[in-house]
Structures are given as structure tokens and as C-alpha cells.
**Student:** 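First the structure, then my questions, so here it is.
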Amino acid sequence: MKRFISAFLALVLFAAIPCPAHAKKKAEASQPSLDLSSPSVLLMEAETGTILYQKKEHTARPPASVTKVMTLCLIFDAIEKKQIALTDEVTVSEHAASMGGSQVFLEPGEVQTVETLIKCISIASANDACVAMAEFISGNEEEFVAQMNEKAASLGMEDTHFVNCCGLSANGHVTSAYDIALMARELSIRHPKIHDYCTIWMDTIIHRTKRGDSEFGLANTNKLLKQYPYATGLKTGYTAAAKYCLAATAEKDGVKLIAVLMAAPDIKSRTADAQTLLNYGFSVCRVYKDENPAPLPEITVKKGEKDSVALFYESDLSYVSTSGEDLSNVTKKVRLPKSVTAPVKQGDTAGTVTYYLDKKELGHINILYAESIKHAAFADYFLSLLQKLFLLA
């Protein structure tokens with residue numbers, strides 16, 4: 001009888017363990033059935049990184065020129081660190097000028113500014129401009145690609161391995177829709193100036209060579225900019241192996257979205273899939289931000305060199321809703337001590353402000369000390385006493 005009971009309990013426990021395949025079907029069932037031609041897609045709310053829709057998002061595929069999102073990340077990182085400037089002049093090498101595929105026909109020895117090359121990459125998807133910038137930043141393309149892979153690892157892009165900086169077909173050069181969304185978010189949110197370039201529809205550059213000056217036209221490869229009113233970028237891609245890929249960014253009513261499509265069968269399908277994803281995202285997505293945070297009081301400091309300490313919010317709260325909640329009913333509760341005892345260290349947490357929708361907690365942000373205050377010495381007490389006596393006098 002004991003054996004029977006044990007076997008029965010084991011069977012019950014086994015049946016209670018969720019099957020991974022069943023769990024996956026349940027997760028997929030919670031998504032709407034969108035009519036998409038692209039085999040791998042992902043839709044993300046950019047500010048918070050919340051995933052709104054996904055399909056085979058971790059399948060590794062060649063990304064074609066969407067690779068350039070990471071190249072642009074490193075370029076803007078270098079500008080941010082003041083390693084390079086937009087006005088710096090870049091001399092084009094033989095190797096850079098030899099790139100095939102989409103290009104602006106840079107010539108060996110030609111000199112262009114960093115900003116001009118960013119335009120060539122962002123607007124015309126120029127492979128030669130990518131390699132010229134890679135060499136300018138890192139000395140050679142191989143070292144730059146190594147830095148691309150390091151950056152990918154730091155962003156959690158586990159499905160990615162870059163072989164070149166421009167996206168030309170190469171064995172082992174792969175990424176996924178999920179990873180593309182991660183690097184697109186990094187570029188779009190951390191370096192928003194990219195949108196000043198990738199939204200330019202047409203422009204020109206001047207080739208300055210030994211034969212003289214000649215004008216060359218740049219036309220944007222992202223036709224979604226003309227076909228979707230909320231489009232703000234970001235990067236297209238195509239090779240025979242990768243088919244039609246796209247990392248699309250869009251903004252409407254304060255909501256920023258990133259739609260990634262890989263291996264679409266043609267341009268028309270790629271554009272239609274992007275519009276379908278973005279329309280779905282805007283229909284379900286609402287973002288709450290505390291536009292008017294309450295002024296913070298100063299906290300009394302006991303036994304300190306100063307009697308009080310100022311405070312500041314560590315960050316802003318951003319909450320994304322995909323269930324149609326009425327975000328006008330959000331409330332917040334500030335938790336702070338009435339006083340603290342010195343020493344106080346600048347940047348340490350003093351308290352929190354927590355946000356609620358009815359009884360549901362949406363998130364919280366820390367409230368930090370704005371300065372350091374040391375424990376008062378005898379001389380500080382004596383000086384304070386003299387000041388009080390002087391005031392009384």
C-alpha cells in the first residue's frame with residue numbers, strides 16, 4: 001500500500017510540472033495573431049525595453065546592413081567619449097574603398113569628415129564609409145569588429161557574432177531579431193542624435209579627389225520614412241542570404257517603439273510587416289511618466305556639520321502598459337525619514353517614491369542624498385553655539 005501511495009504521489013507531482021512545450025504554446029497564444037511574412041520578428045517599447053510581440057526572436061540569421069546599427073553605436077560611443085569629433089577628417093584607405101555592395105564610391109586617399117561618413121552610413125548604407133570609420137576609430141577593421149562583439153556581449157546579445165562592420169555576407173556573421181532590438185535600443189535611446197541623420201530623405205556629399213570635386217547624391221534606403229507617418233529610422237538591410245531585414249523605430253504620443261524584421265521575402269512584405277507591428281504596438285501601448293515630480297524637502301541631520309541635507313531623485317519612472325489601463329489614476333507614496341544621524345554620504349539612498357495603480361505597484365525610484373555631511377566635531381558644536389549666542393545678542 002505504501003508503494004502504491006508513493007507511486008501515486010510521484011505521478012501527481014510529475015503531472016503538475018509544466019511542460020516547456022506547453023508553456024511555449026501558452027505564451028504564444030497570449031499574443032494576437034498578426035499576419036506577418038517575416039519569419040523572425042520582435043516589437044519592443046524602447047524606453048523600458050518591454051517586449052510587446054515576438055516570433056522566433058532568438059533564431060540566428062544573417063542581418064545584412066542592419067549590422068551597421070552596431071557600427072553606428074561604436075561611432076557615437078567614440079564621439080561621446082571625445083575620442084573623435086564630427087569635424088575630424090578621415091582619410092579613406094585602399095581597403096575601405098574596395099568594399100562592394102551598397103557604397104558611395106569613396107576613393108583611396110579621399111578625405112571626408114566624420115559627420116559626412118555618418119550621413120553616408122545612415123542614409124545610403126555605405127559599406128565603404130563603415131570601413132573608413134572602423135579604421136579611423138580602431139586602426140583596422142578587425143579590431144573594430146572585435147569591439148563590436150565586446151559591445152554586443154555587454155548588451156546581452158547572446159545570439160550574435162559579427163565578422164565585419166558593414167553586413168556583407170560572411171560565414172558566421174549572424175544575429176537575431178531580439179539582439180537587433182537590443183542594439184537598436186542602445187543606439188536610439190543612448191544616442192538620439194542618430195535620428196537627425198537616419199531620417200534625412202535625400203542629401204549630397206562632395207567627393208574631393210585628385211580629379212577635382214564632384215557631387216554625389218544620397219538617397220535613404222528606408223522607404224518606411226515616406227510610408228509611415230510616425231517612422232523615425234533606423235536601418236534597413238538586404239543580401240541574397242539575409243533577404244530583407246529592418247530595424248524600424250517610430251514614435252507617437254510619447255510612445256517609442258522598435259520593430260525588427262528578419263528575412264522578409266521582399267521590400268513590400270518588409271514594409272507591410274513593419275507597419276502591422278507598429279500599429280499593433282501603438283494600439284496597445286501606453287507609457288506613464290511622472291511629468292511633475294514633487295519637490296523634495298531637506299532632511300534634518302543630527303550630530304552633523306550641517307543641520308540639514310538636500311535630496312534628489314535618482315531617475316525618472318517609466319511604466320509601460322499593454323492592457324488598456326487608465327494611467328490617469330496613478331498615485332505615488334514618498335517614504336523618507338524625518339531625520340538622519342551624521343555621517344551622511346552623497347549618493348546614498350535616503351528613501352523611495354513608489355507608484356501605484358489602484359493596489360498594483362508599478363515601480364519605484366530611489367531618493368538620494370545630494371551631499372555628504374560629516375559627523376560634527378567639538379569645534380563645530382562650539383562654532384554653532386557662538387552663532388546662536390550672536391543671533392540672540
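Note that these values count all heavy atoms, side chains included, but never hydrogens, waters or copies made by symmetry.
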**Student:** Return the set of residues passing side-chain hydrogen bond (donor to acceptor under 3.5 Å, both in side chains) with Tyr280 (not counting sequence neighbours), or none when no residue passes.
**Tutor:**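 Expected list: none.
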**Student:** Do Cys165 and Val131 have side chains that approach each other closer than 4.5 Å (heavy atoms only, starting at C-beta)?
**Tutor:** yes
**Student:** Same cluster or not: Leu117 versus Leu168, using hydrophobic residues (I, L, V, M, F, W, Y) connected whenever any side-chain heavy atoms lie under 4.5 Å apart?
**Tutor:** no
**Student:** Can you tell me how far CG of Asp290 sits from CG of Leu362, rounded to the nearest 0.5 angstrom?
**Tutor:** 11.0 Å
**Student:** Identify whether Leu42 and Tyr244 are in the same connected component of the hydrophobic contact network (ILVMFWY, side-chain heavy atoms under 4.5 Å).
**Tutor:**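 Different clusters: Leu42 never reaches Tyr244 through Ile, Leu, Val, Met, Phe, Trp or Tyr contacts under 4.5 Å.
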**Student:** If we count only N and O atoms by modelled type, under 3.5 Å, do the side chains of Glu107 and His207 hold a donor and an acceptor together?
**Tutor:** no
**Student:** Is the number of heavy atoms from other residues, nucleotides or ligands under 6.0 Å of Asp213 CG greater than 12?
**Tutor:** yes
**Student:** Over 60° means perpendicular and under 30° means parallel, so classify the ring planes of Phe282 and Tyr230, tilted if in between.
**Tutor:** perpendicular
**Student:** Ile267 and Leu224: same hydrophobic cluster, using ILVMFWY side-chain contacts below 4.5 Å?
**Tutor:** no
**Student:** When you check the side-chain N and O atoms of Lys235 and Ser125, is any donor under 3.5 Å from an acceptor?
**Tutor:** yes
**Student:** Check the orientation of Phe216 and Phe105. Use parallel for under 30°, tilted for 30 to 60°, and perpendicular for over 60°.
**Tutor:**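 It falls in the perpendicular class, over 60°.
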**Student:** Would you check if Pro63 and Met70 make a side-chain contact, meaning some heavy-atom pair closer than 4.5 Å?
**Tutor:** no
**Student:** According to a hydrophobic-cluster definition based on side-chain heavy atoms being under 4.5 Å apart (Ile, Leu, Val, Met, Phe, Trp, Tyr only), do Ile51 and Val320 belong together?
**Tutor:** no
**Student:** Which residue in the set Thr67, Thr160, Thr239 passes side-chain hydrogen bond (donor to acceptor under 3.5 Å, both in side chains) when paired with His173?
**Tutor:** Thr67
**Student:** Go through the steps to decide whether Glu135 and Ser93 satisfy the test side chain to side chain donor-acceptor pair (under 3.5 Å), and finish with yes or no.
**Tutor:** CA-CA 8 Å; Glu135 293 174 338; Ser93 70; 2.6 Å; yes
**Student:** Going by the rule side chain to side chain contact (heavy atoms under 4.5 Å, CB included), which residues pair with Ala310 if we only count those two or more places apart in sequence or in a different chain?
**Tutor:** Glu298, Ala370
**Student:** Rounded to the nearest 0.5 Å, how far does CG of Asp326 lie from OH of Tyr288?
**Tutor:**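 Reported to 0.5 Å precision, the distance equals 12.0 Å.
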**Student:** Just do the side chain to side chain contact (heavy atoms under 4.5 Å, CB included) check on Ser188 and Lys256 with the steps written out, would you?
**Tutor:** CA-CA 10 Å; Ser188 180; Lys256 296 178 181 179; 5.9 Å; no
**Student:** Taking Arg270 for its side chain and Cys245 for its backbone only, find out whether a donor-acceptor pair lies under 3.5 Å.
**Tutor:** yes
**Student:** Say whether Val69 and Leu246 are linked into one hydrophobic cluster, either directly or through other cluster members, by side-chain heavy-atom distances under 4.5 angstrom.
**Tutor:**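 Unlinked, Val69 and Leu246 end up in two clusters.
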**Student:** How long is the span from the CD atom in Glu47 to the OG atom in Ser318, to the nearest 0.5 Å?
**Tutor:**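 Result: 5.5 Å between the selected atoms.
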**Student:** So which heavy atom on Gln346 is nearest to which on Ser372, and how close?
**Tutor:** N-OG, 2.8 Å
**Student:** How far apart are the C-alpha atoms of Met133 and Ile84, what are their side-chain angles, what is the distance that settles it, and do they pass the side chain to side chain contact (heavy atoms under 4.5 Å, CB included) test?
**Tutor:** CA-CA 10 Å; Met133 281 304 305; Ile84 63 173; 3.9 Å; yes
**Student:** Would the distance check show the side chain of Lys55 and the main-chain N or O of Ser38 forming a donor-acceptor pair, the cut-off being under 3.5 Å?
**Tutor:** yes
**Student:** Indicate yes or no: at least one non-hydrogen side-chain atom of Asn149 is less than 4.5 angstrom from one of His161.
**Tutor:**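 The answer is yes; the side chains approach within 4.5 Å.
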**Student:** Of Leu234, Ile194, Thr249, Leu225, which meets side-chain contact (heavy atoms from CB on, under 4.5 Å) against Thr199?
**Tutor:**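 Answer after filtering Leu234, Ile194, Thr249, Leu225: Leu225.
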**Student:** How long is the gap from CZ on Phe76 to NZ on Lys81, to the nearest 0.5 Å?
**Tutor:**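 If I round to the nearest 0.5 Å, the distance is 14.5 Å.
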**Student:** Taking atom CD1 of Ile123 and atom CD1 of Ile200, what is their separation to the nearest 0.5 Å?
**Tutor:** 4.0 Å
**Student:** To the nearest 0.5 Å, tell me how far Lys302 NZ sits from Ser308 OG.
**Tutor:**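 Between Lys302 NZ and Ser308 OG, I get 14.0 Å after rounding to 0.5 Å.
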**Student:** Restricting to non-hydrogen atoms, name the atom on Arg61 and the atom on Ser40 that form the minimum distance, rounded to 0.1 Å.
**Tutor:**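 Shortest heavy-atom separation between Arg61 and Ser40 comes out as NE-OG, 2.8 Å.
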**Student:** Is the backbone of Arg211 close enough, under 3.5 Å, to the side chain of Thr209 for a donor and an acceptor to pair up by distance?
**Tutor:**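 Answer holds: yes.
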